[in-house]
Engineer: 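One structure, as structure tokens, below. Some questions next.
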Amino acid sequence: MYLILLGAPGAGKGTQAHVLTDLIKIAHVSSGDLFRENIKNGTPIGIEAQGYINRGELVPDETVIEMIMEHLSTPACRNGALLDGFPRTIYQADALNEALREHFKEGISRVIYIKVDTDELLQRLSGRWICPVCQTPYHEINNPPRVKGKCDQEGAELYQRDDDKRSTAERRLQVYFNQTMPLIDYYKEHGLLLEINGQQPVEKVTRDIVTALEAIPANEGKKSIMLGETEESLVA
Ligand code: ADP
Ligand code: ADP
């Protein structure tokens, strides 16, 4: 099963991904986490991505597609994945769909769109703290760790991302509105979008997502809707 988490920076994708992957035992694939890992390790992808990320711009499509496809072909993703932060452009969405169809003979099951107002997004990004070991996001007011400044699971010292500073966060939101929001209609038109109210407590957002996933008809089975194919061609 391939699921996508779609939403603006700060909508709660990472937070929900950490809970959901535990609940439904599916691999978590976060493009942002993979870039940060590549930057830490000084790989060619990391070196290329750094400047774009610092400026709040999207990394070029071909680079992110290559990185994600490589990751999707690892054994951890054999039975599916929860994609967090990818795709972010129509071009990436088309590439993902083509690759899933060609290599995995499977389509995207659903796109979970977490909707949050802009003012709330900026407040969330400015108070976000992250665990450097497990990447779990916390918020100093909304979702604090049990011990101030330390990850609940790892005990590691939390850090703030450079690109969460106000000016870069505003640029990232602009980029989201221009380049990523068209994906909402793209997936809605294909009947794949599950719209979730992200402005509720974390546990309630999780519950709404799980309820929406449980409502997927059982007869859709593993081979879910493939973009570009009619339902008849799937049944045939
Ligand atoms: P994204 O991955 O979409 O950028 P995160 O999951 O990192 O978003 O969440 C952004 C910030 O908002 C974090 O500080 C997180 O603790 C906080 N947050 C996440 N979900 C909620 C929620 N439902 N209500 C309030 N704050 C939230
Ligand atoms: P957030 O959780 O706040 O939405 P991410 O951690 O997902 O942010 O992404 C951080 C940065 O990594 C983005 O601002 C962008 O520069 C880069 N990035 C992540 N995913 C993609 C993608 N699918 N396409 C292009 N750039 C990406």
Side-chain angles (χ1 to χ4, degrees), residues 4-21 28-39 45-46 48-69 71 82-96 112-117 119-131 134-145 151-152 158-165 168-181 183 196-209:
I4 294 171
L5 276 169
L6 181 63
K13 301 181 299 295
T15 302
Q16 293 302 325
H18 280 268
V19 183
L20 288 169
T21 47
H28 175 200
V29 179
S30 156
S31 46
D33 288 351
L34 288 173
F35 279 130
R36 284 183 286 277
E37 184 72 19
N38 274 284
I39 290 171
I45 285 185
E48 185 194 347
Q50 176 98 69
Y52 293 98
I53 293 177
N54 289 350
R55 292 191 298 277
E57 307 285 343
L58 293 186
V59 177
D61 283 334
E62 296 302 345
T63 307
V64 66
I65 289 166
E66 186 191 327
M67 178 180 77
I68 293 287
M69 294 315 160
H71 198 78
L82 177 64
L83 291 159
D84 160 10
F86 180 88
R88 265 174 148 104
T89 63
I90 299 275
Y91 186 88
Q92 291 177 19
D94 284 339
L96 172 66
I112 302 159
Y113 165 45
I114 307 180
K115 196 173 174 205
V116 172
D117 291 345
D119 288 352
E120 169 82 9
L121 293 169
L122 287 169
Q123 186 268 359
R124 287 189 187 183
L125 293 173
S126 64
R128 170 158 70 179
W129 290 80
I130 297 186
C131 172
C134 67
Q135 320 306 326
T136 298
Y138 294 88
H139 190 279
E140 54 198 28
I141 298 161
N142 308 345
N143 186 23
C151 175
D152 290 350
L158 304 178
Y159 78 100
Q160 283 194 294
R161 277 168 46 180
D162 282 345
D163 62 340
D164 276 348
K165 65 171 184 280
T168 316
E170 281 175 350
R171 177 70 195 130
R172 284 161 57 212
L173 288 182
Q174 236 173 35
V175 167
Y176 169 78
F177 295 134
N178 292 336
Q179 293 181 257
T180 307
M181 268 187 102
L183 287 178
I196 304 291
N197 174 7
Q199 262 170 280
Q200 313 181 81
V202 171
E203 301 72 27
K204 175 70 169 88
V205 176
T206 308
R207 228 175 309 133
D208 284 0
I209 295 173

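The first residue of the sequence shown is numbered 1, and numbering continues consecutively from there. In each ligand, atom 1 is the first atom listed, and ligand 1 is the first ligand listed.
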Engineer: Using a plain distance cutoff, I'd like to know if Gly12 has any nitrogen or oxygen under 3.5 Å from a nitrogen or oxygen of ligand 1.
Structural biologist: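 Yes: some nitrogen or oxygen of Gly12 is under 3.5 Å from one in ligand 1.
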Engineer: So is Gly7 in contact with ligand 1, going by heavy-atom distances below 4.0 Å?
Structural biologist: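 No, that is not the case, since the closest heavy atom of the residue is not under 4.0 Å from the ligand.
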Engineer: Please write down residue, atom name and distance for the protein heavy atom closest to atom 10 (C) of ligand 2.
Structural biologist: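 Heavy-atom neighbour on the protein nearest atom 10 (C) of ligand 2: Arg161 NH2, 3.4 Å.
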Engineer: Among all the protein's non-hydrogen atoms, which is closest to atom 11 (C) of ligand 2, and how far away is it?
Structural biologist: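 Answer for atom 11 (C) of ligand 2: Ile53 CG1, 4.0 Å.
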Engineer: Should you measure from each heavy atom of Gly198, which atoms of ligand 1 turn up under 4.0 Å away?
Structural biologist: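 Near Gly198, meaning under 4.0 Å from one of its heavy atoms, ligand 1 has 23 (N).
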Engineer: Around atom 24 (N) of ligand 2, find the nearest protein heavy atom and jot down its residue, atom name and distance.
Structural biologist: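 Protein heavy atom with the smallest distance to atom 24 (N) of ligand 2: Gln92 NE2, 3.0 Å.
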Engineer: In terms of residue, atom name and distance, what is the protein heavy atom nearest to atom 15 (C) of ligand 2?
Structural biologist: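 Residue, atom and distance for the closest contact: Glu57 O, 3.5 Å.
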Engineer: Can you tell me the protein heavy atom closest to atom 3 (O) of ligand 2 and the distance?
Structural biologist: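 Residue, atom and distance for the closest contact: Arg172 NH2, 2.4 Å.
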Engineer: Return the residue, atom name and 0.1 Å-rounded distance of the protein heavy atom closest to atom 7 (O) of ligand 1.
Structural biologist: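 Protein heavy atom at minimum distance: Arg128 NH1, 2.6 Å.
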Engineer: Relative to the heavy atoms of Asn142, which atoms of ligand 1 are at a distance of less than 4.0 Å?
Structural biologist: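 Numbered from 1, ligand 1 contributes 25 (C), 26 (N).
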Engineer: Output the distance between atom CG (Asp94) and atom OG1 (Thr89), rounded to the nearest 0.5 Å.
Structural biologist: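 Here the interatomic distance stands at 8.5 Å.
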Engineer: Roughly how far apart are Thr136 OG1 and His18 NE2, rounded to 0.5 Å?
Structural biologist: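 With rounding to 0.5 Å, OG1 (Thr136) is 4.5 Å from NE2 (His18).
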Engineer: Work out whether the distance between some heavy atom of Arg171 and some atom of ligand 2 is less than 4.0 Å.
Structural biologist: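 Heavy atoms of Arg171 never come under 4.0 Å of ligand 2.
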Engineer: Heavy atoms only: give me the nearest His28-Ala17 pair and the separation to one decimal.
Structural biologist: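 Nearest pair, atom of His28 first, then Ala17: NE2-CB, 3.3 Å.
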Engineer: Atom CD in Glu140, atom CD in Gln160: separation rounded to 0.5 Å?
Structural biologist: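 That separation rounds to 6.0 Å.
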Engineer: Starting from atom 19 (C) of ligand 2, what is the nearest protein heavy atom, named by residue and atom, and what distance separates them?
Structural biologist: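 It is Arg88 NH1, 3.3 Å.
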Engineer: Please confirm whether Asp84 comes within less than 3.5 Å of ligand 1 when only nitrogen or oxygen atoms on both sides are compared.
Structural biologist: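 Asp84 vs ligand 1: no N/O contact under 3.5 Å.
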Engineer: Of all heavy-atom pairs between Leu125 and Arg172, which one has the smallest distance, and what is that distance?
Structural biologist: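 Leu125 and Arg172 have their closest heavy atoms at CD2-NH2, 4.1 Å.
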Engineer: In this structure, which one of Asp84, Leu82, Leu96 forms a side-chain contact (heavy atoms from CB on, under 4.5 Å) with Ile4?
Structural biologist: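 When Asp84, Leu82, Leu96 are each tested with Ile4, the side-chain contact (heavy atoms from CB on, under 4.5 Å) holds only for Leu96.
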Engineer: Return the minimal non-hydrogen interatomic distance between Gln200 and Asp208, and the atom names on each side.
Structural biologist: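 Nearest heavy atoms, Gln200 then Asp208: NE2-OD2, 2.9 Å.
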Engineer: Which heavy atom of Pro137 sits nearest to which heavy atom of Asn143, and what is that distance?
Structural biologist: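 Minimum heavy-atom separation between Pro137 and Asn143: O-ND2, 3.8 Å.
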Engineer: Restricting to non-hydrogen atoms, name the atom on Gly198 and the atom on Ile114 that form the minimum distance, rounded to 0.1 Å.
Structural biologist: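 Smallest interatomic distance, heavy atoms only, reads CA-CG2, 3.6 Å.
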Engineer: About how many Å separate CD of Gln16 and CD1 of Ile112, when rounded to the nearest 0.5 Å?
Structural biologist: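 With rounding to 0.5 Å, CD1 (Ile112) is 9.0 Å from CD (Gln16).
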Engineer: Is it the case that the side chains of Glu62 and Tyr91 hold a donor-acceptor pair, with the cut-off being a distance below 3.5 Å and no angle test?
Structural biologist: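 Distance-only check passes for Tyr91 and Glu62.
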Engineer: Hey, which atoms in ligand 1 end up nearer than 4.0 Å to a heavy atom of Thr15?
Structural biologist: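 In order of numbering, the contacting atoms are 5 (P), 6 (O), 9 (O), 15 (C), 19 (C).
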Engineer: Which of the numbered atoms in ligand 1 are below 4.0 angstrom from a heavy atom of Ala8?
Structural biologist: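 Here the atoms of ligand 1 in question are 3 (O).
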Engineer: Give the atom numbers and elements of ligand 2 that come within less than 4.0 Å of a heavy atom of Val64.
Structural biologist: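 Within the 4.0 Å cut-off of Val64, ligand 2 contributes 22 (C), 23 (N), 24 (N).
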Engineer: To the nearest 0.1 Å, how far is atom 17 (C) of ligand 1 from its closest protein heavy atom, and which atom is that?
Structural biologist: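 Nearest protein contact, heavy atoms only, for atom 17 (C) of ligand 1 is His139 CB, 4.0 Å.
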Engineer: Which value, rounded to the nearest 0.5 Å, describes the distance between Lys115 atom NZ and Asn197 atom CG?
Structural biologist: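 Between Lys115 NZ and Asn197 CG, I get 8.5 Å after rounding to 0.5 Å.
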Engineer: Report the part of Val202 (side chain from C-beta onward, or backbone N, CA, C, O) that has a heavy atom under 4.0 Å from ligand 1; answer both or neither where that applies.
Structural biologist: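 Both the backbone and the side chain of Val202 come within reach of ligand 1.
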Engineer: Give the numbers and elements of all ligand 1 atoms closer than 4.0 Å to a heavy atom of Arg124.
Structural biologist: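 By the 4.0 Å cutoff, the relevant atoms are 11 (C), 12 (O), 14 (O), 20 (N), 21 (C), 22 (C), 23 (N), 24 (N), 25 (C), 26 (N), 27 (C).
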Engineer: Please could you name the atoms of ligand 2 that Pro9 approaches to less than 4.0 Å, counting only its heavy atoms?
Structural biologist: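 Going through ligand 2 atom by atom, the ones under 4.0 Å from Pro9 are 3 (O), 4 (O).
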Engineer: Return the minimal non-hydrogen interatomic distance between Val64 and Ser31, and the atom names on each side.
Structural biologist: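 Shortest heavy-atom contact: CG2-CB, 4.3 Å.
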Engineer: May I ask you to identify, for Gln200, whether its side chain, its backbone, both or neither come under 4.0 Å of ligand 1 on a heavy-atom basis?
Structural biologist: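 Backbone only.
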Engineer: I'd like to check which ligand 2 atoms, numbered from 1 as shown, lie under 4.0 Å from a non-hydrogen atom of Lys13.
Structural biologist: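 Counting atoms of ligand 2 from 1, those under 4.0 Å from Lys13 are 4 (O).
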Engineer: For atom 26 (N) of ligand 2, what is the closest protein heavy atom, and at what distance to 0.1 Å?
Structural biologist: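 Looking only at protein heavy atoms, the one closest to atom 26 (N) of ligand 2 is Val59 N, 3.0 Å.
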Engineer: Show which atoms of ligand 2 fall inside a sub-4.0 Å distance from at least one heavy-atom site of Arg36.
Structural biologist: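 Close to Arg36: 6 (O), 10 (C).
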Engineer: Does the cation-pi check pass for Arg88 over Phe86, that is, NZ or CZ under 6.0 Å from the six-membered ring centre and within 45° of its axis?
Structural biologist: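 Relative to the ring axis of Phe86, which defines the angle, Arg88 lies outside at least one limit.
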Engineer: To the closest 0.5 Å, what do you measure between CG (Leu6) and CG (Leu83)?
Structural biologist: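 Taking CG in Leu6 and CG in Leu83, the distance rounds to 11.5 Å.
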Engineer: Looking only at distances, can you tell me whether any N or O atom of Pro87, backbone or side chain, sits closer than 3.5 Å to an N or O atom of ligand 2?
Structural biologist: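 So ligand 2 has no N or O lying under 3.5 Å from an N or O of Pro87.
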Engineer: Go through ligand 1 atom by atom and flag the ones less than 4.0 Å from a non-hydrogen atom of Gly14.
Structural biologist: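 Listed by number with element: 1 (P), 2 (O), 6 (O).
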Engineer: By number and element, which atoms of ligand 1 are closer than 4.0 Å to a non-hydrogen atom of Asn143?
Structural biologist: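 Reading through ligand 1 atom by atom, the close ones are 16 (O).
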Engineer: For the 3.5 Å polar cut-off, considering only N or O atoms, please tell me whether Ala11 and ligand 1 meet it.
Structural biologist: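 It does: an N or O of Ala11 is found under 3.5 Å from an N or O of ligand 1.
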Engineer: How close does the nearest protein non-hydrogen atom get to atom 20 (N) of ligand 2, and which residue and atom is it?
Structural biologist: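 It is Ser31 OG, 2.7 Å.
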Engineer: Assess the residue pair Arg124 and Glu120 against the criterion (salt bridge (charged side-chain N to carboxylate O under 4.0 Å, His left out)); give the C-alpha distance rounded to whole Å, side-chain angles, the decisive distance to 0.1 Å, and a yes or no.
Structural biologist: CA-CA 6 Å; Arg124 287 189 187 183; Glu120 169 82 9; 2.9 Å; yes
Engineer: Given side chain to side chain contact (heavy atoms under 4.5 Å, CB included), test Ile68 with Leu34 step by step and report yes or no.
Structural biologist: CA-CA 8 Å; Ile68 293 287; Leu34 288 173; 4.1 Å; yes
Engineer: Which is closest to atom 13 (C) of ligand 1 by heavy-atom distance: Tyr176, Trp129, Tyr138?
Structural biologist: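 Heavy atom nearest to atom 13 (C) of ligand 1 belongs to Tyr138.
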